Amino acid sequence: MSPRDLADAVARDYADIFGEEPAGVWFAPGRVNLIGDHTDYNDGFVLPFALASGVAVAAGRGGDGLTVWSRQWPGDLVTAAVDELAPGRLDGWPAYPLGMAWSLARAGYRPGDTSIAIDADLPAGAGLSSSAALECAVGLALADLHGLRVVRPELVRLASKAENEFVGVPTGIMDQSAALLCQAGNALLLDCRSGTSDDVSLEPGAAGLAILVIDTQIRRALTDGRYAQRRRSCEAAAVALGVASLRDLPDGPDDVAGLDDPELRRRARHVVSENRRVLAVADLLRRGELAAVGVLLTESHASLRDDFEVSWPEADVAVETAIAAGAVGARMTGGGFGGAVIALAPLAALADIGSALSAAYGRRDWPSPVIASAVPSHGARRLR
Ligand code: GAF
């Protein structure tokens with residue numbers, strides 16, 4: 001679905017539910033992370049780009065407090081007064097939009113009464129950052145509707161705070177940064193320590209290539225504890241090595257040799273090597289050498305699978321199969337334990353890769369993966 005069609009659909013839902021036209025519709029995209037996973041909360045580097053799919057929010061002033069409705073969970077119409085919002089009081093999907101309102105209010109940007117309808121053309125739990133898209137679309141809507149002057153980097157910070165403190169997942173800043181800061185035709189090279197970012201041109205079609213997003217159909221939730229456990233291991237490794245964060249190990253994987261615990265050593269080695277790969281990929285992109293990025297993507301997957309241990313069997317099969325069928329590189333993307341794989345492939349190989357993936361999954365009695373070509377797209381914006 002195009003963002004315009006999604007905007008029309010959510011505006012119709014809003015009118016049906018709240019009995020009037022919305023004041024506007026705002027949209028925030030999901031993201032694919034080209035490379036740099038589990039580096040953001042280690043103060044490191046990431047290189048995501050925005051998808052054309054995402055979350056649309058139709059909103060209007062008025063009502064009694066904040067009322068949210070979602071097409072993806074159509075049974076629930078949830079209302080809360082801004083002043084009653086507090087971490088731990090809400091579970092499930094309403095924690096994301098209402099957590100955003102809480103985060104804005106706590107920073108002094110108090111939103112007035114608002115009714116909100118939500119729709120998405122992005123699967124939840126697929127590693128494509130639907131939750132950050134939801135927070136960011138709601139954040140933009142509340143800011144615009146109530147004249148709150150929040151600049152985008154500040155909105156990134158407040159959306160991350162909503163996720164960390166209100167929803168209670170200790171994520172980094174990559175997904176909210178991608179949703180709010182990405183530009184069409186570019187990936188975003190983000191330094192997660194300083195918060196500074198650079199657009200790096202990424203136009204696979206112009207190079208005769210495509211970036212396939214292969215949804216392995218395995219779903220995961222970052223709230224299940226394994227993500228938080230990885231983050232704790234990284235923090236423990238940094239303490240043991242006497243650095244503020246794993247970002248501060250500049251000399252590469254040898255830097256982690258001082259860790260006695262083999263598991264911590266593997267976790268830290270992933271982060272240190274991944275940071276170097278992100279910078280190497282950004283350099284190749286700047287030189288217009290997109291195909292050469294493939295080998296680094298595949299190395300990143302091996303590191304996430306063997307050292308960081310966040311891959312899953314369907315992802316490993318997708319990576320191997322895509323490469324055997326002609327992709328120049330492939331990797332899981334996002335937090336892991338389920339979700340999507342990306343493959344960088346020549347346009348001429350796409351049909352073979354699609355059939356090889358269906359066959360490989362079929363042989364294992366797995367449901368077919370859902371495959372789409374991703375085009376680096378615009379970040380969050382008002383659609384009407
Ligand atoms: C999830 C988190 F939300 C991000 O902050 C990031 O850590 C990612 O997993 C792994 O790179 O998407």
Side-chain angles (χ1 to χ4, degrees), residues 33-48 87 125 127 129 131-132 160-161 163-165 167-177 190-195 216 218-279 296-316 319 331-341:
N33 189 20
L34 184 62
I35 193 161
D37 275 313
H38 292 275
T39 46
D40 61 351
Y41 56 79
N42 289 300
D43 283 351
F45 300 97
V46 294
L47 193 58
S129 189
S131 39
S160 303
K161 230 177 168 45
E163 179 122 9
N164 295 164
E165 295 179 25
V167 181
V169 189
T171 52
I173 62 166
M174 170 171 69
D175 299 347
Q176 292 78 10
S177 303
L190 176 68
D191 177 337
C192 299
R193 170 167 277 167
S194 64
T216 66
I218 303 298
R219 295 290 175 255
R220 61 96 178 103
L222 290 180
T223 43
D224 75 4
R226 289 181 290 178
Y227 180 93
Q229 193 221 342
R230 291 300 183 284
R231 183 168 180 157
R232 280 196 301 275
S233 296
C234 290
E235 286 162 1
V239 168
L241 289 165
V243 289
S245 79
L246 294 179
R247 154 74 176 271
D248 298 313
L249 299 173
D251 294 332
D254 289 348
D255 275 339
V256 304
L259 288 167
D260 293 333
D261 179 332
E263 184 177 296
L264 283 196
R265 202 159 56 231
R266 287 200 306 278
R267 302 290 187 258
R269 186 168 58 198
H270 163 71
V271 175
V272 173
S273 62
E274 185 82 344
N275 275 327
R276 289 159 73 97
R277 283 187 288 271
V278 173
L279 297 177
L296 291 159
L297 301 186
T298 309
E299 280 175 24
S300 165
H301 184 75
S303 177
L304 286 157
R305 181 191 61 210
D306 302 336
D307 278 350
F308 218 66
E309 295 180 281
V310 291
S311 187
W312 61 106
E314 290 80 355
D316 298 337
V319 165
R331 65 185 289 274
M332 55 154 280
T333 185
F337 307 112
V341 160

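Just so you know, these numbers use all the heavy atoms, side chains as well, and skip hydrogens, waters and symmetry mates. Since the structure is predicted, the reported quantities are computational estimates derived from the model, not experimental observations.
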Quiz prompt | Carboxylate-amine/guanidinium contact R267 E309, below 4.0 Å | solution = yes
Quiz item: Does the D248 side chain pair with the main chain of S245, one donor and one acceptor, at a distance under 3.5 Å?
Solution: yes
Quiz item: Side chains of S233 and F308: does their closest heavy-atom pair fall under 4.5 Å?
Solution: no
Practice problem: Of all the heavy-atom pairs spanning A237 and L259, show the shortest one and how long it is. | Solution: O-CD2, 3.8 Å
Quiz item: Would you say T39's side chain and F45's backbone share a donor-acceptor pair under 3.5 angstrom?
Solution: yes
Quiz item: How long is the span from the CG atom in L296 to the CG atom in L279, to the nearest 0.5 Å?
Solution: 11.0 Å
Exercise. Measure up the H270 and H38 rings against each other and bin them: parallel (under 30°), tilted (30 to 60°), perpendicular (over 60°).
Key: perpendicular
Self-check item: Flag, side chain of D37 to backbone of G334, donor-acceptor distance under 3.5 Å
Solution: yes
Quiz item: Which distance, rounded to the nearest 0.5 Å, do you find between the OG of S300 and the CG of L47?
Solution: 11.0 Å
Practice problem: Answer yes or no: is there a side-chain heavy-atom contact under 4.5 Å between S131 and V167? | Solution: no
Exercise. Could you list the residues that satisfy side-chain hydrogen bond (donor to acceptor under 3.5 Å, both in side chains) with E263, not counting sequence neighbours?
Key: none
Self-check item: Cationic N near anionic O, under 4.0 Å, E274 to R277
Solution: yes
Self-check item: T333 side-chain N/O to A340 backbone N/O, donor-acceptor pair under 3.5 Å
Solution: no
Quiz prompt | H301 versus S311, closest heavy-atom pair with distance | solution = CE1-OG, 3.3 Å
Quiz item: What's the shortest heavy-atom distance between D175 and S129, and which atoms?
Solution: CB-OG, 3.0 Å
Quiz item: Less than 4.5 Å apart, any side-chain heavy atom of C192 and any of V46?
Solution: yes
Quiz item: Is there a donor-acceptor contact under 3.5 Å from the side chain of R266 to the main chain of D261?
Solution: no
Quiz prompt | Over all atoms of both residues, closest heavy-atom pair of S273 and S303 | solution = OG-OG, 3.7 Å
Quiz item: Could R247 and D191 be called an ion pair, given the rule that one side-chain N must be under 4.0 Å from one carboxylate O?
Solution: yes
Exercise. Say whether, by atom type as modelled, one donor and one acceptor occur between the side chain of N164 and the main chain of T171 under 3.5 angstrom.
Key: yes
Quiz item: Hey, are the side chains of V341 and E314 touching, using non-hydrogen atoms and a 4.5 Å cut-off?
Solution: no
Practice problem: Kindly indicate whether the side chain of M332, heavy atoms from C-beta on, has any atom under 4.5 Å from the side chain of T216. | Solution: no
Quiz prompt | Minimal non-hydrogen separation, N275 against G44, with atom names | solution = OD1-CA, 3.4 Å
Quiz item: If you measure from the Lys or Arg side-chain nitrogens to the Asp or Glu carboxylate oxygens, is any gap between R269 and D306 under 4.0 Å?
Solution: no
Quiz item: So, do D255 and L241 sit near enough that their side-chain heavy atoms are less than 4.5 Å apart?
Solution: no
Quiz item: Which atoms form the tightest heavy-atom contact between V278 and G36, and what is the distance?
Solution: CG2-CA, 3.3 Å
